[in-house]
Amino acid sequence: MCRHQIYLGPPASLAALLIDPPHGLYRQSWAPRDMRGGGTVNADGFGVGWYTPSGPVRYRRATPIWADPGFVELGRATTAGAVLAAVRSATTGMPVAEAACAPFIDGPWLFSHNGVVPGWPHSVAELAARLPVTDLLTLDAPTDSALLWALIRRRLRSGADPGTAIAGTITDVLAVAPRSRLNLLLTDGRRAWASTAGHSLSILAGADRLTIASEPADDDPAWTAVPDRHLVVAERSTYTLEALCTSTSS
Ligand code: GLN
């Protein structure tokens, strides 16, 4: 079930962050260790978003990350101090298309979802109906992840605190689809927000850098697992953890 990662820190090459680590996202695409939600490989596309002086840019493809030699070249040549990347294992019935690959983008925001909303689309139809019609007409893809992004994006555009936007959306979705898996990542390039609801997540925090990833990228004992149903709010050098107030249990 998809693997994703955020890095905040001194500029590093995309290759150093994603390809070179012994169990980095690149390797997790074909040999993930913790696919507790199903699936075996993450071969239905990938995406990398990083921050330039003029804002975030993305590189996404609907092919396995290992089948794109162009990304290796790009990864060696591109450095960034804030990166959100994801490899995708499409949920059955959802399209395999570049537009369905995270990160999703809006202004300064990059977003990713690891998980599934059971009963899609019927279970969340009423929730979706609360969105402005234009938000539904401009959904990135007909997927649960794109709808989650539209729900969070609507709250962000209304000025909500990002952590509150994530927590509120998780509460709303769990109310109608209690067995949803909702590991979310959001960044504006300076800070990051991450949730655990149904999937694994770990943090490696250094003096001036921080990585949040579905699985530890190496054997560094400093990787710390995030407990389920929690929200991480992070900057380069610090992070806080708070329990998500969800009334349902998975
Ligand atoms: N349900 C989402 C999709 O199909 C995310 C899949 C996942 O986490 N494996 O894109």
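As the structure lists them, so they are numbered: ligands from 1, and atoms in each ligand from 1. Everything numeric here is computed off the predicted structure, so don't read it as measured data.
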Of all pairs that satisfy salt bridge (charged side-chain N to carboxylate O under 4.0 Å, His left out), the ones with a partner from residues 44-73, not counting sequence neighbours: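 Only R61-E98 qualify under salt bridge (charged side-chain N to carboxylate O under 4.0 Å, His left out).
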R181, portion touching ligand 1 at heavy-atom distance under 4.0 Å: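 Looking at R181 and ligand 1, no heavy atom falls under 4.0 Å.
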Which segment of D144 sits under 4.0 Å of ligand 1 when only heavy atoms are counted: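 The side chain, only.
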Distance-only N or O hit between ligand 1 and M94, under 3.5 Å: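 Among all N and O atoms of M94, none is under 3.5 Å from an N or O of ligand 1.
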Option nearest atom 7 (C) of ligand 1 (shortest heavy-atom distance, choices C2, P95, A100): C2
Electrostatic pair D20:R76 at N-O distance under 4.0 angstrom: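 R76 and D20: salt-bridged.
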Any T143 heavy atom less than 4.0 Å from ligand 1: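 Contact absent.
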Test item: T169 and L127 side chains (from C-beta on) under 4.5 Å apart, heavy atoms: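 In short, these two side chains do not touch, never coming nearer than 4.5 Å.
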Check: W109 and F104 side chains under 4.5 Å, non-hydrogen atoms: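 Of all side-chain heavy-atom pairs linking W109 with F104, none is under 4.5 Å.
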Of D161, D172, T164, the residue whose pairing with R155 passes side chain to side chain donor-acceptor pair (under 3.5 Å):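 It is D172; the other options fail the test.
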In terms of atom number and element, which parts of ligand 1 are under 4.0 angstrom from non-hydrogen atoms of [X]?
X: N114; value: 8 (O)
X: R88; value: 3 (C), 4 (O), 10 (O)
X: A90; value: 4 (O)
X: S89; value: 6 (C), 7 (C), 9 (N)

Pair H23-E215, side chain to side chain donor-acceptor pair (under 3.5 Å): steps then yes or no: CA-CA 8 Å; H23 194 68; E215 300 182 13; 2.6 Å; yes
Parallel, tilted or perpendicular, as decided by the 30° and 60° cut-offs, for the rings of F111 and W149: parallel
